[in-house]
Amino acid sequence: METDTPMIAITTARPEEYAAAAAVLADAFADDPVALSILPAQADRQRKLTHLFTAVLRSGPGPRGAVDVARREGDGQIVGVAAWESPAARRGALARELAQMPLYLKAFGAAGIPRAMTMEHRLQRHRPAEPHWYLADIGVGAATQGLGVGSALLRARLEDVDRTGLPSYLESSTPGNRRLYARFGFREIAPIDGIPNASPVAMLR
């Protein structure tokens with residue numbers, strides 16, 4: 001799959017690019033209220049977020065979905081990432097997550113794992129029971145926000161999802177993000193309670 005917008009090209013990342021993609025997500029989620037609830041502010045939070053997103057990409061969207069990356073034409077630098085889990089992603093998920101436990105421990109520390117698991121469970125409890133595509137994470141680096149990168153990432157994958165005839169699902173943490181998703185046909189289905197200092201919403205398309 002390839003598509004492009006002026007100055008930006010969207011491709012599917014190779015496994016060796018997941019760490020670079022995770023660093024972009026860490027930058028994009030630096031001030032996100034849900035991310036702050038899962039991993040509170042601390043001196044080395046950017047590094048820990050990069051470990052977290054690397055583990056997420058390797059355990060879900062990478063092997064059982066798609067990691068789409070936006071690059072600036074000419075230099076190939078990754079400036080945006082959309083990580084999707086396919087309908088098959090839940091099969092074998094626990095084993096894949098356990099394989100990434102060293103990275104999860106680097107992100108949260110042993111004491112932080114139970115809290116992170118609780119927050120993740122609360123986030124995902126509105127996921128549909130029927131087969132669907134799940135937008136686990138999408139983010140654009142601070143330097144290229146406002147250039148349509150997020151829209152290009154969404155448009156590229158949703159074109160493929162539409163051909164499958166399956167729904168897609170996400171959790172949105174801010175009103176601004178929800179306005180973007182609404183333009184692509186996502187509708188709010190339920191507020192997600194129990195996330196301290198955040199008011200995420202479940203959305204379905």
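Predicted model only: the values in this text are computed from it and were never measured.
- Atom CG of Asn197 has 12 or fewer neighbouring heavy atoms from other residues, nucleotides or ligands inside a 6.0 Å radius.
- Nearest heavy-atom pair, Ala19 versus Thr54, reported as atom, atom and distance to 0.1 Å: CA-OG1, 4.0 Å.
- Rounded to the nearest 0.5 Å, atoms CZ (Arg179) and OG (Ser172) are 9.5 Å apart.
- For the atom pair OG1 (Thr50) and CG (Leu103), the distance works out to 10.5 Å, reported to the nearest 0.5 Å.
- To the nearest 0.5 Å, atoms CG (Asp160) and OG (Ser168) are separated by 12.0 Å.
- From Ile78, atom CD1 reaches atom OG1 of Thr144 across 11.5 Å, with rounding to the nearest 0.5 Å.
- Connection of Leu153 to Val161 is established within a shared hydrophobic cluster, with ILVMFWY side chains joined at heavy-atom distances below 4.5 Å, either directly or through further cluster members.
- With Arg96 contributing its side chain and Arg91 its backbone, the two residues share a donor-acceptor pair below 3.5 Å.
- Atom CD1 of Ile138 sits about 8.5 Å away from atom CG of Asn177, to the nearest 0.5 Å.
- Counting non-hydrogen atoms of neighbouring residues, nucleotides and ligands closer than 6.0 angstrom, the CE atom of Met101 exceeds 12 such neighbours.
- Looking at every heavy atom in both residues, Ser59 comes nearest to Gln100 through CB-CG, 4.0 Å.
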**Request:** Under the side-chain hydrogen bond (donor to acceptor under 3.5 Å, both in side chains) rule, what do Gln124 and Tyr169 come out as? Steps first, then yes or no, please.
**Result:** CA-CA 10 Å; Gln124 297 207 17; Tyr169 172 85; over 6 Å; no

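- Interatomic distance, CE of Met203 versus CZ of Arg187, reported as 9.5 Å (0.5 Å rounding).
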**Prompt:** So Asp68 and Arg155, salt bridge (Lys or Arg N to Asp or Glu O under 4.0 Å) or not? Walk me through it.
**Reply:** CA-CA 11 Å; Asp68 297 328; Arg155 187 178 301 111; over 6 Å; no

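- In this structure, Arg64 contributes its side chain and Ala88 its backbone to a donor-acceptor pair below 3.5 Å.
- The pair Asp31-Arg45 does not meet the salt-bridge criterion, since no charged nitrogen lies less than 4.0 angstrom from a carboxylate oxygen.
- Using a 4.5 Å heavy-atom cutoff, the side chains of Arg14 and Val69 are not in contact.
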